Amino acid sequence: MLIFLFSLSTPLQSSAPPDHQSLLTFKAAIISDPNNSLANWNTTIPMCNWTGVTCSPNSQQVVKLNLRAMDLQGVISPALGNLTALVALYLPFNELHGSIPAELGKLTRLVNLILIGNYLTGTIPPSISNFSALDQLDLSKNNLHGPIPPEIGMLTRVRFLYLYANQLSGSIPSSIGNLSNLVVLQLLANNLTGPIPREIGNLNRLKQLKLFYNDLSGTIPPEIGNLTALIDLILVGNYLTGTIPPSIANVSSLDQLDLSENNLHGPIPPEIGMLTRVRFLYLYANQLSGSIPSSIGNLSNLVVLLLEANKLTGPIPREIGNLKRLEQLELFYNDLSGTIPPEIGNLTALIDLILVGNYLTGTIPPSIANVSSLDQLDLSENNLHGPIPPEIGMLTRVQFLYLYGNQLSGSIPSSIGNLSNLVVLQLLANNLTGPIPREIGNLNRLKQLELFENNLTGNIPFEVGMLINLQTLNLWGNKLSGSIPVSLGKLSPNLELVDLSHNNLSGYIPGELMANLKNLDFYLNLSSNFLQGPLPEEIGKLVKAKAIDISSNKLHGMIPTTLAHCVSLERLNLSHNAFEGPILDTLGMLQNLKFVYLSFNFLSGEIS
């Protein structure tokens with residue numbers, strides 16, 4: 001009797017249950033398991049205790065397989081299709097390759113299929129249409145190609161559909177409109193073409209529609225206005241044409257609307273002012289024309305408004321001053337005209353105000369001083385005139401101040417010295433007069449000081465030498481006089497560019513300045529002044545400089561032999577001075593030197 005019982009028990013131990021065997025077959029297809037995540041997948045440990053495996057307490061069948069981020073390498077075995085009780089399959093963020101096996105279509109109870117972040121190739125198998133219970137499908141961040149199969153429209157229970165960051169091509173199937181329970185649809189960063197199907201308007205539970213960075217064309221369907229639950233509509237970076245449909249005003253739940261980087265034309269519809277919940281509005285880099293509608297002032301929750309790089313005309317509406325929560329206002333590179341409305345001073349939360357490249361006229365409104373939160377102010381390349389208001393000194397948080405390319409006049413206000421956080425100051429190409437204020441020396445975080453092409457007079461203040469972080473000093477094309485202050489020798493060793501050319505500077509070139517320019521890796525330009533005396537020996541310290549121009553001065557004496565140490569030099573101009581003596585043979589040893597100008601001196605010999 002004992003022998004008979006033993007013989008009956010033997011086959012029970014040796015025959016593994018189907019799920020057990022299917023998982024071992026899956027494991028066999030894994031060629032690398034660096035973390036030994038599947039080490040306990042063996043016959044000595046019960047299957048339901050294996051890493052990542054969850055079983056039904058009743059049937060002991062596998063209902064969940066979760067092997068998230070375990071660095072597994074290999075392919076997905078078709079044997080997983082035999083796990084007929086499986087409800088959730090999570091294999092994200094591994095290094096799985098090969099195709100998605102069609103056999104997975106046998107998993108008719110599947111609710112969650114998550115394969116994001118692998119190296120899967122091939123097409124999406126039409127057999128996914130069998131997943132009639134599916135709630136979430138995520139095949140994103142793989143290398144899948146081919147079309148989205150129209151069978152996807154049979155997943156009528158799916159709420160979350162993520163196919164982004166693959167190489168999917170072809171059009172979005174109209175059957176997508178059958179997914180009436182869809183909450184999130186993310187197809188971004190593929191190669192999808194063709195129009196956005198009108199049937200997308202059937203998805204009245206949709207909260208996120210992200211189709212950006214594809215090659216979609218055609219118009220934005222007016223049916224988009226049916227998506228009354230939508231929170232995020234992001235279509236940036238396609239080839240969409242036509243106008244912005246006024247029906248978009250029906251999507252009153254929108255928080256983010258991004259139609260940028262397309263070929264949309266026509267006006268911004270005034271109905272956009274009905275999107276009173278929107279916080280982020282991006283319409284930049286299209287061909288939008290007409291004026292900015294005054295209804296934009298109704299968007300009281302707006303945090304970011306980016307309308308740059310269009311063909312917008314007319315004035316900036318005064319109603320923009322109603323947007324008290326606005327942090328970014330970027331209207332640059334349009335054809336806007338008129339004055340900067342004083343109501344801009346109401347935007348007390350504003351961090352970035354960028355209006356560069358328009359046809360704005362009038363003066364800089366003193367009310368801008370109220371926007372004390374500003375980090376970046378760019379009013380460049382307009383037709384602004386009048387003085388820089390002294391109130392600008394109240395913008396104590398500003399780091400980047402660009403006013404170049406206008407017709408600003410008057411002196412630089414001394415209050416500029418209050419801007420202790422300033423990193424870049426560009427006032428070039430205006431009609432500014434008077435001296436450089438000494439208070440500029442207070443800007444000890446300043447890296448770029450560009451005041452060139454103005455009518456500034458007086459000396460270069462000693463205090464400029466206190467700008468210990470300066471990388472660019474560009475003062476050319478003014479009427480500055482006096483000597484180069486010795487204090488410039490104390491400037492940052494990170495100085496990359498010094499241009500004091502085309503002024504009325506006189507006196508000697510301070511050796512201390514040259515000695516401290518050892519890291520200058522762009523150029524030194526002191527040309528077209530009235531500098532005199534010898535060229536200091538310390539010029540040999542400019543070992544990284546690519547160009548030195550000291551032409552059109554009154555320098556004399558020998559060319560210092562230390563110039564041969566400037567091994568990075570590509571261009572040297574010492575012409576139109578009074579240098580004498582032989583031309584240095586060692587100049588011919590500077591292997592990077594391409595252009596040398598020594599004419600109109602009293603030199604003899606030639607470069608060997």
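Everything numeric in this text was worked out from a predicted model, so none of it was measured. For reference, positions follow the sequence shown, starting with 1.
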I'd like to check Leu377 versus Val371 (side-chain heavy atoms, cut-off strictly below 4.5 Å). Are they in contact? no
### Message
Quick one, Tyr90 and Lys64 - any side-chain contact, counting heavy atoms below 4.5 Å?
### Response
yes
So CG of Leu408 and CG of Asn382: to nearest 0.5 Å the spacing works out to 10.0 Å
Donor-acceptor pair, distance only, cut-off 3.5 Å: does the side chain of Thr51 make one with the backbone of Leu38? no
Tightest non-hydrogen contact, residues Leu115 and Asn142, listed as O-ND2, 3.1 Å
Partner of Leu187 under side chain to side chain contact (heavy atoms under 4.5 Å, CB included), picked from Ile148, Leu168, Leu216, is Ile148
Q: May I ask you to check whether Asn431 and Gln407 show a side-chain donor-acceptor distance below 3.5 Å?
A: no
CG of Leu323 to CD1 of Ile296, rounded to nearest 0.5 Å, is 7.5 Å
Closest heavy-atom pair, Ser127 versus Ala102, reported as atoms and distance to 0.1 Å, is OG-O, 2.9 Å
* Criterion side chain to side chain contact (heavy atoms under 4.5 Å, CB included) on Val184 and Phe160, from CA distance to verdict -> CA-CA 5 Å; Val184 175; Phe160 304 94; 3.7 Å; yes
Separation between OG (Ser56) and CD (Gln61), nearest 0.5 Å, reads 7.5 Å
field: Trp50 side chain reached by Val62 side chain, heavy atoms, under 4.5 Å
entry: no
Rounding to 0.5 Å, atoms CG (Asp19) and CG (Leu86) come to a distance of 8.5 Å
Review point. According to the interplanar angle, ranging from 0 to 90°, do the rings of Tyr164 and Tyr162 count as parallel (below 30°), tilted (30 to 60°) or perpendicular (above 60°)?
Key: perpendicular
* Is it true that a side-chain atom of Asn263 and a backbone atom of Thr241 form a donor plus acceptor pair closer than 3.5 Å? -> no
Side chains of Lys106 and Asn130 only: does a donor on one sit below 3.5 Å from an acceptor on the other? no
What I'd like to find out is whether the side chain of His145 reaches to under 4.5 Å of the side chain of Thr123, using heavy atoms alone.
yes
When every non-hydrogen atom of Leu155 is compared with those of Leu134, the smallest separation belongs to CD1-CD2, 4.2 Å
(message) Looking at Asn238 and Leu211, would you say the former's side chain and the latter's main chain have a donor-acceptor pair under 3.5 Å?
(response) yes
**Message:** Classify the ring geometry of Phe400 against Tyr402: parallel below 30°, tilted from 30° to 60°, perpendicular beyond 60°.
**Reply:** parallel
Heavy atoms of Asp255 and Arg279 approach each other most closely as OD1-NE, 2.5 Å
Side chains of Leu360 and Leu379 in contact at under 4.5 Å (non-hydrogen atoms)
no
### Query
Near Lys447 NZ, under 6.0 Å, is it more than 12 heavy atoms from other residues, nucleotides or ligands?
no
Under 3.5 Å donor-acceptor, Asn66 side chain and Arg68 backbone: yes
Next on the checklist: Contact between Leu83 and Leu89 at the side-chain level, heavy atoms closer than 4.5 Å - yes or no?
Outcome noted: no
- Can you check whether Arg318 reaches Pro342 side chain to side chain, under 4.5 Å on heavy atoms? yes
Interatomic distance, CG@Leu432 vs CD@Glu453, rounded to 0.5 Å, equals 12.0 Å
**Study point:** pair Asn346-Asn322: side-chain heavy atoms closer than 4.5 Å
**Key:** no
Just by distance, do the side chain of Asn202 and the backbone of Ile200 share a donor-acceptor pair under 3.5 Å?
no
dist Ser32:OG -> Asn35:CG (nearest 0.5 Å) comes out at 9.0 Å
Exercise. In this structure, are over 12 heavy atoms from other groups packed under 6.0 Å from Met70 atom CE?
Worked result: yes
Under 3.5 Å donor-acceptor, Asn118 side chain and Asn94 backbone | yes
Report yes or no: does Asn310 contribute a side-chain atom to a donor-acceptor pair with the main-chain N or O of Asn286 at less than 3.5 Å? yes
Exercise. Short question: side chain of Ser294, backbone of Glu319 - any donor-acceptor pair under 3.5 Å?
Worked result: no
Q: Report the C-alpha distance between Ile224 and Leu209 in whole Å, list the side-chain angles of each, state the deciding distance to 0.1 Å, and finish with yes or no for side chain to side chain contact (heavy atoms under 4.5 Å, CB included).
A: CA-CA 10 Å; Ile224 214 91; Leu209 177 57; 3.9 Å; yes
In short, Glu391 meets Ala369 closest at the heavy-atom pair O-CB, 3.4 Å
Worksheet item: Has the side chain of Asn214 got a donor or acceptor atom that lies under 3.5 Å from a matching backbone atom of Asn190?
Response: yes
Between Ser380 and Asp378, do the side chains contain an N or O donor and an N or O acceptor separated by less than 3.5 Å? yes
| message | Given 3.5 Å as the limit, does a donor-acceptor pair link the side chain of Asp138 with the main chain of Ser140, or not? | response | yes
| request: Using the side chain to side chain contact (heavy atoms under 4.5 Å, CB included) rule, take Leu425 and Leu419 through it: C-alpha gap first, then chi angles, then the decisive distance, then the call. | output: CA-CA 10 Å; Leu425 177 60; Leu419 308 182; over 6 Å; no
For Asp71 and Glu95, the nearest pair of non-hydrogen atoms, with its separation, is OD1-OE2, 4.5 Å
Margin query: Please determine whether side chain to side chain contact (heavy atoms under 4.5 Å, CB included) holds for the pair Asp135 and Asn112, giving the CA-CA distance in whole Å, both sets of side-chain angles, and the decisive distance to 0.1 Å.
Written below: CA-CA 6 Å; Asp135 178 73; Asn112 293 301; 4.2 Å; yes
